[in-house]
Amino acid sequence: MKQSQSVVANSVIFVYSCYLILPLYWLFSMSIQSSQDITTNAGWYPKSPTMANFQEIFTNPVWYEGFLNSLTYVLINSTISIIVALPAAYAFSRYRFLGDKHLFFWLLSNRMAPPAVFLLPFFNMYSSLGLFDTPLAVALAHCLFTVPLAVWILEGFMSSVPRQIDELALLDGHSFVHFFCRIFLPLIRAGIGVTVFFCFMFSWVELLLARTLTASAAKPIAVVMTRTISASGIDWGLLAAAGVLTILPGLVVVFFVRNYLTRGFALGRV
Amino acid sequence: MAHVSLNNISHAYNANTDSETQVLTDISLDIPHGSAHALLGASGTGKTTLLKIISGLLIPTEGDLLVDGRRVNTDSPRERNIAQVFQFPVLYEHISVFENLAFPLRNRKVPLTEIHTRVKQTAELLEIDNLLSGKTTGLSIFDKQKVSLGRALVRNDVSAILLDEPLTAVEPSAKWRLRQKLKELQQELSLTMIYVTHDQLEAMTFAEQISVMHEGRIIQTASPRELVEKPQHEHVGFFIGMPGMNFLPTDSTACLSPPKGATKAGFRPDQAFVSTKQGHNSLQVAVIDQQALSTHLGESWGLLTCKYQDIEIRTRQHLNLNVGSTAWLHIDNPHFFRNGWRMTGQAEVTQGNA
Amino acid sequence: MRKRINNRAWLMVLPVLFLVAMSAVIPLMTVVNYSVQDIFDDNNRVYVGLEWFIQIIRDPELHAALWRQILFSANVLAIEIPLGILIAKAMPRRGSVATGLLIFFAIPLLIPWNVVGTIWQIFARPDIGMAGMSLTSLGLDYNYTANPVDAWFTLVAMDVWHWTSLVVLLVFSGLRAIPEAYYEAAQIDGANRWQMFRHIELPRLKTVLGIAVLLRLMDSLMIYTEPFVLTGGGPGNSTTFLSQYLTRMAVGQFDLGPAAAFSLVYFIMILTLCWLFYSLISPAEEQTER
């Protein structure tokens, strides 16, 4: 509807934006102060800004390896999710087959499973497979939640591509694989972007499984943060700096998929 | 019902402040009380924008809109009492057909008993009284469009009903029935109806007066017959008629003796014929296609396509030539156009020269 | 358009099936196994039947956690859904401002959940936090680590901060999908703003709102990380929800049997809710598609 933004509407947006930004501002402000300043000399803005906290993170292997571990399993997870979900989503969007609807609902129901339920069995299973404390274990565990989601989102995007395109391409003599990779995938680019967004949104932010399935070698950044708290008192500045850094990958991802976001949601797929 | 007039209306969208796009230029139109008027044009010519200006969804950047002599430029749609039927049936899906029809009345705080009688009457008029209690979701598009029309008719104080390509989505078999119904209602209730379409057949069978639009302007307003016989502009000639008018540049057709200043000669398919005989002022053409439309007494009649230099020309005639052969095109009284506009009084000029 | 019947499509689903079955079915079977046995060590197991189930169903602490869980979920849903609709409606429908706002609003959704807890911990602490300091300087006796009401309030504020944007994104894209003609028709019919919302937007948002409620309900029922970081379930047990209670049972006390039984009940509870909702919103979806 072409209506000029009313004052009420603008103030609603403004208030909500403030509500969102203030905790983030505070986190950032903390991240550039020393712990000393934070506890003794708290103010609305940093009085003597310092990059020491960030320096500590980038030079201490416990911290930066935590980041690398997290990024590693998120990447593995997204890749596996997309690769296995693509053919399945294609099957659901193009064909009817025995038990398709039940299978689809069963897949989706996994998205609704509380991760806490899977804690112990996962621990046992990945230990016996010798995968405990590796990024692969976390990535595979997260697949239980991201793969159904990926199938759901991709199916929505694929269904919006007219089926005639498939038939035309095959009539033109393209092989199925060639058609799928060269013609079909570019058409659902947006869908792949949105899928990555949601895989990331699950895998990057999850803590419970990531914590249970790792001990030291593959410890993700989220866990490094919680363990620092209990070990040496709380270094607020360092914690805040690590927090700031964990927000950045999310920002990068959302920036890349910004134009597809509402389309992804509009399909009713989340 | 009312008399709607538009005086020198222009409109420009300026969504982005730097690029202002003029979509309507200097539109003047007079639609008398109880008349059926059509706005005809290809898509993107500003028909829908004009409709929005009349209904009050847009305020024109220039010009005046008068309803019964009263300037209504800035009145809200509600104050103008104008109803509209859209291209796709727009219905409130969560409420019954009855409630859909009652919706505009409830918004105007009409007493309950009156709502009931008026909804009943309207439904009977449209022959949808058996659907009243049901939901709208299961209806055919034909019935849905009737319900949308009902939302317009139920308001007895409505000044004009705007129809924005109302037949587009309707199943082909039901198209003519709905058009028939529209025409019937328009005449019976002497409604002022403004009908937007890109389909000349719809416009010509529905309206008494048709305004042909092109690039944001009205290039001609006339009766259907006049549009065929005296197109004011090349585009009218080209747009109206199946197929449209043929055009030949005057510099290669000097034999037609164009008047001074003319740039193009135009003639309808029935204004010319191709034969093997060379006649006075005929042009040599190559026959490239014949499409039979009917047979009469053992002879085929239909459309003949021929080529004069690089220009394709269609004539409606007796098909007795061979495709690929060379023949002669005879043109009967062509219209002449200068810079797109038809030159008036050309008939005398050509006859004088011939 | 009718889909072709082709059972070879199963081949394409196979990888997904394998992966998900591996990580869903096998662990679930383990859980079922645990839930009916008392395990001392690998070679020493006793079949105990439904004993663990009876034990957890009678567990008063679990009842308390369940009530807290229901109260919390109802609380956040009652705030986030209407707030999300309000904000989505207040946003400009198109243009670069809308895109910018969307990116900005999506930020909380992409922050690791424990960092969300950390952010609010830092923000709300009465000694170093902006909100905590402000409330204290207003003369309020605010301390979320000591006072259950304050802890509860902080948790809800955090969840609203974290998840309202999801509702906003959903509703916003739902609003964008409504054809302009519907607004025009309503304007011509003389509808006011409230009537437009009631008769045009709300019916057409039914599906996205269904999804929003479903997701928020499910996710709030599984909330673990954020309260774990922020309050650790305290003070006392005042912010201990189902997932925390379960984790404490399984990992903290190593009560495998009861924990497994609890897991199953928990899972089935959520699945039932999910299925109920799914069947509630599915017919609505069919209607809008027709």
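Quick note on labels: first sequence line is chain A, next is B, and so on, each numbered from 1. All values derive from a computational prediction rather than experimental measurement. Any value given below was found using the heavy atoms of this structure, including those in side chains, with hydrogens, waters and symmetry copies removed.
Heavy-atom distances place the side chain of Val25(C), and not its backbone, under 4.5 Å from chain A. Heavy atoms of Leu273(C) lying under 4.5 Å from chain A are absent altogether. No part of Ser29(A) comes within reach of chain C, as not one of its non-hydrogen atoms sits under 4.5 angstrom from that chain. Contacts between Ala141(A) and chain C at a heavy-atom distance below 4.5 Å are absent for every atom of the residue. The contact between Leu107(A) and chain C is made entirely by side chain atoms (from C-beta outward), counting heavy-atom distances below 4.5 Å. At a 4.5 Å heavy-atom cutoff, Phe145(A) makes no contact with chain C through either its backbone or its side chain. In this structure, the portions of Ser263(C) lying under 4.5 Å from any heavy atom of chain A include both its backbone and its side chain. For Ala212(C), no part lies near chain A; criterion is any non-hydrogen pair under 4.5 Å. Looking at Phe228(C), only its side chain comes within 4.5 Å of chain A, counting heavy atoms on both sides. For a residue to count as touching a neighbouring chain, one of its non-hydrogen atoms must lie under 4.5 Å from one of that chain's; by this rule Met218(C) touches chain A with the side chain only.
Considering only heavy atoms from C-beta on, Val115(C) stays 4.5 Å or farther from Ile221(A) through its side chain. Residues Trp113(C) and Leu207(A) form no side-chain contact, since every pair of their non-hydrogen atoms from C-beta on lies 4.5 Å or further apart. Met12(C) is not listed as a side-chain neighbour of Leu86(A), based on a closest heavy-atom distance of 4.5 Å or more. Annotation: side chain of Leu24(A) is in contact with side chain of Ile111(C) (closest heavy-atom distance under 4.5 Å). At a threshold of 4.5 Å between non-hydrogen side-chain atoms, the residues Ile13(A) and Met91(C) count as touching. Within the 4.5 Å cutoff, the side chain of Ile119(C) has no heavy atoms near those of the Trp26(A) side chain. In this structure, the side chains of Leu27(A) and Phe123(C) stay at 4.5 Å or more apart for every pair of heavy atoms. Within the 4.5 Å cutoff, the side chain of Thr212(A) has no heavy atoms near those of the Thr247(C) side chain.
The choice from Phe105(C), Tyr182(C), Phe262(C) that makes the most heavy-atom pairs within less than 4.5 Å of chain A is Phe105(C). Chosen from Asp219(C), Leu221(C), Leu28(C), the residue pairing most often with chain A at heavy-atom distances under 4.5 Å is Asp219(C). Note: Gly129(C) leads Ala259(C), Gly129(C), Ala106(C) in heavy-atom pairs under 4.5 Å with chain A. Taking chain C as the reference chain and counting heavy-atom pairs below 4.5 Å, the highest number among Asn124(A), Leu251(A), Val15(A) is found for Asn124(A). When the candidates Ser70(A), Ala242(A), Ser17(A) are compared by the number of heavy-atom contacts under 4.5 Å with chain C, Ser17(A) comes out ahead. The choice from Thr30(C), Ile178(C), Thr225(C) that makes the most heavy-atom pairs within less than 4.5 Å of chain A is Thr225(C).
Rounding to the nearest 0.5 Å places CG of Leu11(C) at 10.5 Å from CZ of Phe97(A). Once rounded to the nearest 0.5 Å, the distance linking CG of Leu19(C) with CG of Leu140(A) reads 6.5 Å. The distance from the CD1 atom of Ile128(C) to the CE atom of Met30(A) is 4.0 Å, given to the nearest 0.5 Å. Atom CG of residue Leu246(C) and atom CG of residue Leu208(A) lie 9.0 Å apart, to the nearest 0.5 angstrom. Here CG of Leu271(C) is found 11.5 Å from CH2 of Trp106(A). Values are rounded to the nearest 0.5 Å. To the nearest 0.5 Å, the span separating CG on Leu110(C) from CD1 on Ile247(A) amounts to 10.0 Å.
Within a 6.0 Å sphere centred on OH of Tyr19(A), other residues, nucleotides and ligands contribute more than 12 heavy atoms. Heavy atoms of other residues, nucleotides or ligands lying less than 6.0 angstrom from CZ of Phe176(A) number more than 12. The 12-atom threshold is not exceeded at CZ of Phe28(A), counting heavy atoms of other residues, nucleotides or ligands nearer than 6.0 Å.
Summarising the geometry of Pro23(A) relative to Trp120(C), their closest heavy-atom pair is CG-CZ2, 3.9 Å, with the distance given to 0.1 Å. Taking each heavy atom of Trp161(C) and Leu20(A) in turn, the nearest pair found is NE1-O, 3.1 Å. Nearest heavy-atom pair across Val31(C) and Pro121(A) is CG2-CG, 3.3 Å.
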Q: For side chain to side chain contact (heavy atoms under 4.5 Å, CB included), just list the numbers for Leu103(A) and Leu17(C), CA-CA rounded to whole Å, side-chain angles, deciding distance to a tenth of an Å, and then say yes or no.
A: CA-CA 9 Å; Leu103(A) 187 65; Leu17(C) 204 62; 3.3 Å; yes
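With sequence neighbours excluded, the residues forming a side-chain contact (heavy atoms from CB on, under 4.5 Å) with Thr164(C) are Tyr16(A), Glu80(C), Leu83(C), Ile87(C), Val160(C), Val168(C), listed by chain and number. In terms of the ring-ring contact (aromatic ring centres under 6.0 Å, His included) criterion, residue partners of Phe200(A) (sequence neighbours excluded) are, by chain and number, Trp204(A).
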